[in-house]
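Note that ligands are numbered from 1 as they come in the structure, with each ligand's atoms numbered from 1 the same way.
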Amino acid sequence: MSVLRSAKLALLRASRSSSLYRVAAASRWRSSRLLILCYHGVALEDEHQWQSNTFISAPDLESRLRYLRDEKYEVLPLGEGIRRLTTGSLPPRSVVITFDDGFYNFKERAWPLLQNYGFPATLYLTTFYSTYNRPIFRLCCSYMLWRNRDKTIGPAASLGIPRAMSLATRWDRELVLRLLTRYATANDSSAADKDALAQGLARILGFDFEWLLRRRLLHLMKPDEVAELAVKGLDVQLHTHRHRTPLDRDLFQKEIRDNRNWILDCTGKDPVHFCYPSGQCQRVFFPWLSEMRVATATTCQPAFATSASNPLMLPRYLDGSDKPLVEVEGWLTGFATLLPRKSFEPPMQ
Ligand SMILES: [Zn+2]
């Protein structure tokens with residue numbers, strides 16, 4: 001941990017102890033703002049140790065939900081939160097909970113916790129890997145490389161790896177991952193080809209791919225699972241069909257259209273809220289989204305939404321197991337916004 005981050009956390013702990021958190025949470029400033037929380041995966045095994053910024057352990061997630069309940073935060077459905085933000089009628093300590101992508105782990109880990117605490121949530125669902133229900137290629141390769149970080153790999157012509165390469169550091173693994181994805185692209189690989197490539201990687205690493213399939217690690221929920229949760233009250237919204245945002249208007253809108261039709265077929269509800277895949281928010285998308293009747297779009301820029309926020313650029317606070325609870329609490333109260341911070345865009349696919 002950097003010196004700056006340590007100092008920041010020490011300051012947050014001191015502020016919490018001296019009741020500054022309570023003062024911030026009760027302020028008029030906080031009451032006119034909405035904090036949209038952003039989650040991705042909830043670990044089924046050890047994924048939160050592999051990508052602690054985009055995965056959270058179930059106990060860590062529960063610590064957040066318990067805090068929201070005990071400190072009497074008002075967890076609103078996304079649509080209601082945005083409506084009350086624009087009409088100036090937010091209740092004190094307003095929060096919205098969102099999950100990106102639609103991992104199977106949402107159903108197994110997050111949904112039962114949300115039900116226990118009685119909190120509504122929005123799921124921004126990317127749909128291709130829901131129908132093609134195999135592990136997401138780039139994520140499962142990255143995970144297998146991390147699990148084998150004590151090894152070297154290559155040369156392996158069948159994977160496009162020309163020489164022996166270490167897997168020890170994050171940068172080493174990123175380099176191997178780049179070679180794998182480049183190899184898949186160069187061979188114009190289909191989703192099935194990429195799945196075979198991932199299985200080839202597992203064989204070479206001696207990794208139990210069948211276990212990953214059985215456990216449904218890095219899989220999305222199947223259509224019938226999404227439908228089941230939607231009936232029980234889960235709000236399902238847009239995140240593109242293939243988790244991509246092409247810079248061509250027609251291709252971009254096709255991503256939204258395919259995603260929307262899929263969700264409409266599955267849930268019977270027309271989604272109008274969007275989340276930029278990998279936080280890739282660009283101004284060129286705004287008119288394209290408006291033409292598609294998209295009412296709001298969320299980013300991964302950490303900040304509070306206010307009545308002055310651009311509805312197609314709503315900020316969110318990205319939470320994961322890399323965040324100590326004192327920091328998350330600092331954000332919920334609003335106090336943490338007083339400290340300097342940098343933006344972050346999570347990787348995906
Ligand atoms: Zn995503």
Task: Between W29 and F335, ring centroids under 6.0 Å - done: no
- [ ] Measuring from the Zn ion (ligand 1), name the closest N, O or S atom belonging to H243.
- [x] NE2
Open item on the list: For N/O/S atoms only: which one belongs to D101 and is nearest the Zn ion (ligand 1)?
Closed with: OD1
- [ ] Begin from the C-alpha positions of Y143 and Q51 and carry the test side-chain hydrogen bond (donor to acceptor under 3.5 Å, both in side chains) through to its verdict.
- [x] CA-CA 9 Å; Y143 177 72; Q51 283 197 356; over 6 Å; no
Open item on the list: Measuring centre to centre across the rings, with the benzene-like ring taken for any Trp, is Y124 within less than 6.0 Å of F274?
Closed with: no
Task: W146 and Q49, any side-chain heavy atoms less than 4.5 Å apart - done: yes
- [ ] May I ask you to check if any N/O/S atom from H239 comes under 2.8 Å of the Zn ion (ligand 1)?
- [x] yes
